[in-house]
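For reference, the structure discussed in these notes is given below.
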Amino acid sequence: MADQIPNMDYDADEVIENFKSKFKWPSKDEVEVVVKPPKLGAKILLSALITLVITAIAYYVMFPAMNPKTSEFYTFIIGIIVVFCGSFFVLIGARTKIERKEYAKKQSKIPLIIVGVIILVMLVGYLTGATIFRAQSYSKLMDVQKSDFSEDFKDINYDEVPRLDSATAKVLADQQLGYLDEYKSQYVVTNNSTQINYKGKPMRVAYLEYADIFKWFNNTKEGLPAYMLIDLVSQNVQVVDCVEKFGEGIKYSPTELFNEKLLRHLRFQYPTAIMDTPNFEIDDNAHPYWITPALDKKIGLFGGTDVKGVIITDALTGESEYYSIDTIKTDKKFNWIDVVYNENLLIQQYNFYGKLSGGFWNSIIFQNDVNIASNGSGNIALNDDVWVYTGVTSTKADSSNFGFILCNQRTKETRYYKNGGATEYSAVESAKDAVQNYGYDATFPILLDIEGQPTYFMSLYGDGYTIKGYALVNLEDKTIVGSGLVDVVKTDVKALNAAVENYIDALKDKGLVDKTADAEDYKADESAEESADTAEDKKDDETQTADKKTVKGKITDIKTTVNDGNTVYYLQVKGKYYYIKAVDSMNVILLKEGDMVTITYEKDADDFVEAVSVE
């Protein structure tokens, strides 16, 4: 009987736990069974469709270059994979069902491997183009030739050097646009003007931008109607009406949206091109074009940026044509193009040359013969091309330059001049000190040759960016300064000539030039300015009725007095002061130096003329 009684020697809790385990739902870490989702083919297809739509939208918005030499190409592919996997994960219900999540994990192994391979390729690409391994290759991106300053600069016509930089040129363009009622409320002048040589003269050309999104809606159908052409010598601004001159406006520009946005338009035409910032230029017939450098990476996968070609786009029609860089350099029909290599790229390549010619470790530790471009750069016209000018200094903080370089923005020809002296900003400070009582600032200097002396030339301007005078500072000795002010000698050319005369006198005092040196050899022709002003006065600025005259011009000075309790404003226009009481013309209190005004008066006088009205 005892043999039939079961063994009662057991743990009741253990039995209960074993029983419960048979009915317990496994945790996600214990799942081993992978369940294939139903309608898998349809869900894969739908995921692909979602990915296609999102990819198309992303490509339209970002328009990346489909080129394996850009990092954006690889990140775009990774983004496509992430979108597809995310869509598939959601569609199969992996967020709520553990067995579906395990299926998604299993299927994601291949996409993860692809992403890993892409990241590995990018890493190898960066390493093979790293300066630590390829220093010599980077130093050879630019060929630098030593040249003679006196020989190269002898043909630069002193009275045709630019007197405006990009900032002062934009102010003049803004003022000119403000006088045009049909444009001023709809458009603004871009900050991105391009310095060009137009018919042998240094100019800046600037396109317009829509003032805001609402102005874009109002005007995009016709496009931008005009562009601004600023003469950097005479300081005259011309508004070129494209509709009147060519029959249509500028339809493609960076300020447009959708398909007419310039870079998007170019991307659809050249999907694999690595494009630099487009430059706005005009040909010899004043027809507007966009000049877009096509770049290449010559070192490793992502390093050694250089220009391999140019895309020329008609700004009116959007028609584009690609030409190799060799064609642009050698074919004379493209000589009207001035900017192919932008300033930043040229200076970057020179810095590679200056720092890495002796090897990577030499640039870090020993620093033998290591040099870089100094802060800031300017532009000069030479041999019908535009050249970037910048000083060359040591890699450490320094107040002097070893020499300077010129880089041709069309051909990349680079010349080095071993003429050491003050840095550009040191020269600017010297010029400002010479006229410190006036509080004027100075434009970035341009280098000239005066009596064999490398000389910084710069314009002086006031708070309103109106040119108030000129200064010359010696490269080797920045204490030698010559200045001339418009307020003192009354005209722009006379101020320029006064600066020359004072500078040559200072050179004589220091014994750097012979006593026979004659300032007349460098002075600009004052009669030409007087003739031009006279002709302009007769043509545009003065009209005469039976008893009244008007004069139109720029305000160069404003003074006020109080007579019998009335505030009187004195406005200097074309060398004369026109005065009027504030109560007779209330808008006069809003005027400032540099504004263009039309003054009506009855009786002329030599110095002070009583005005009837000011507009």
Side-chain angles (χ1 to χ4, degrees), residues 144 146-150 152-153 156 158 161-163 165 167-168 343 347 350-351 354 369-380 382 387-407 414-461 469-485 496 498-513 517 519 522:
V144 180
K146 294 182 179 179
S147 196
D148 181 76
F149 172 80
S150 298
D152 289 351
F153 279 69
I156 295 181
Y158 170 75
V161 298
R163 304 174 194 177
D165 59 11
T168 50
E343 293 186 23
I347 291 173
Y350 179 80
N351 286 340
D369 297 325
V370 170
N371 59 82
I372 57 173
S374 60
N375 291 329
S377 60
N379 300 95
I380 65 172
L382 185 67
W387 298 66
V388 174
Y389 155 80
T390 185
V392 175
T393 187
S394 67
T395 54
K396 298 181 179 180
D398 202 339
S399 60
S400 62
N401 289 335
F402 301 146
F404 65 93
I405 58 172
L406 290 182
C407 302
T414 303
R415 303 174 183 177
Y416 171 76
Y417 302 87
K418 194 175 181 180
N419 296 85
T423 64
E424 298 88 345
Y425 287 108
S426 293
V428 167
E429 291 304 317
S430 292
K432 290 165 63 176
D433 288 344
V435 292
Q436 59 182 325
N437 292 338
Y438 295 87
Y440 295 152
D441 208 337
T443 60
F444 190 85
I446 297 171
L447 208 60
L448 301 175
D449 178 12
I450 297 182
E451 288 294 308
Q453 294 289 318
T455 302
Y456 288 119
F457 167 83
M458 62 204 85
S459 300
L460 304 171
Y461 60 89
Y470 302 95
L472 297 165
V473 180
N474 190 266
L475 172 67
E476 297 179 1
D477 184 353
K478 64 180 182 180
T479 65
I480 302 176
V481 182
S483 62
L485 302 179
L496 187 64
V500 174
E501 189 168 350
N502 292 334
Y503 177 68
I504 291 183
D505 287 343
L507 290 175
K508 291 178 181 178
D509 293 341
K510 288 279 189 173
L512 294 181
V513 298
Y522 300 95

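Values below: all heavy atoms of this structure, side chains included; hydrogens, waters and symmetry mates excluded.
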Which residues pass the side-chain hydrogen bond (donor to acceptor under 3.5 Å, both in side chains) test with T168, sequence neighbours left out? D165
Rounded distance [0.5 Å steps], CZ in F402 versus OG in S394: 4.5 Å
Who passes salt bridge (charged side-chain N to carboxylate O under 4.0 Å, His left out) against K510, sequence neighbours left out? D477
Answer yes or no: is there a side-chain heavy-atom contact under 4.5 Å between E424 and T390? yes
Please confirm whether the backbone N or O of S459 pairs with a side-chain atom of T443, one donor and one acceptor, at under 3.5 Å? yes
Under the salt bridge (charged side-chain N to carboxylate O under 4.0 Å, His left out) test, residues paired with D152 that sit two or more places apart: R415
For Y461, enumerate each residue passing the ring-ring contact (aromatic ring centres under 6.0 Å, His included) test, keeping only those at least two apart in sequence or located in another chain. Y465
Min side-chain heavy-atom separation E343-N379 under 4.5 Å: yes
Flag if over 12 foreign heavy atoms under 6.0 Å of CG, D433: yes
Kindly indicate, with the supporting measurements, whether the criterion side-chain contact (heavy atoms from CB on, under 4.5 Å) is fulfilled by L496 and R163. CA-CA 10 Å; L496 187 64; R163 304 174 194 177; 3.4 Å; yes
For S483, which residues count as a side-chain hydrogen bond (donor to acceptor under 3.5 Å, both in side chains) partner, sequence neighbours excluded? none
Which atoms form the tightest heavy-atom contact between G484 and A498, and what is the distance? CA-CB, 4.0 Å
Non-neighbouring partners of Y438 that pass side chain to side chain contact (heavy atoms under 4.5 Å, CB included), sequence neighbours left out: V435, Y440, L485, V488
Partner set under ring-ring contact (aromatic ring centres under 6.0 Å, His included) for F149, not counting sequence neighbours: F153, F404
Looking at every non-hydrogen atom in both residues, tell me the closest pair between P454 and N419 and how far apart they are. CG-ND2, 3.8 Å
Does some side-chain heavy atom of I480 sit less than 4.5 Å from a side-chain heavy atom of Q453? no
What are the two closest heavy atoms between L460 and A442, and how far apart are they? CD2-CB, 3.9 Å
Is the shortest side-chain heavy-atom distance between K508 and I504 below 4.5 Å? yes
Find out whether I450 and F457 are in side-chain contact, i.e. whether some heavy atom of one side chain is under 4.5 Å from a heavy atom of the other. no
Can you list the residues that meet the ring-ring contact (aromatic ring centres under 6.0 Å, His included) rule with Y350, with sequence neighbours excluded? Y353
Side-chain contact, heavy-atom cut-off 4.5 Å: L406 with I380? yes
Distance-minimising heavy-atom pair for A422 and N401: O-ND2, 3.6 Å
Using every non-hydrogen atom in the two residues, find where L507 and N474 come nearest and quote the distance to one decimal. CD2-ND2, 3.6 Å
Check side-chain hydrogen bond (donor to acceptor under 3.5 Å, both in side chains) between T455 and all other residues, then give those that pass, not counting sequence neighbours. Y503
Say whether, by atom type as modelled, one donor and one acceptor occur between the side chain of S430 and the main chain of T479 under 3.5 angstrom. no
Non-neighbouring partners of Y456 that pass side-chain hydrogen bond (donor to acceptor under 3.5 Å, both in side chains), sequence neighbours left out: Y389
Who passes salt bridge (charged side-chain N to carboxylate O under 4.0 Å, His left out) against K432, sequence neighbours left out? E429, D441
Gap separating the OG atom of S147 from the NZ atom of K418, nearest 0.5 angstrom: 14.5 Å
All salt bridge (charged side-chain N to carboxylate O under 4.0 Å, His left out) counterparts of D148, not counting sequence neighbours: none
Are any non-hydrogen side-chain atoms of V473 and M458 less than 4.5 angstrom apart? yes
Looking only at heavy atoms, what is the nearest atom pair of I405 and T414, with distance? CB-CG2, 4.5 Å
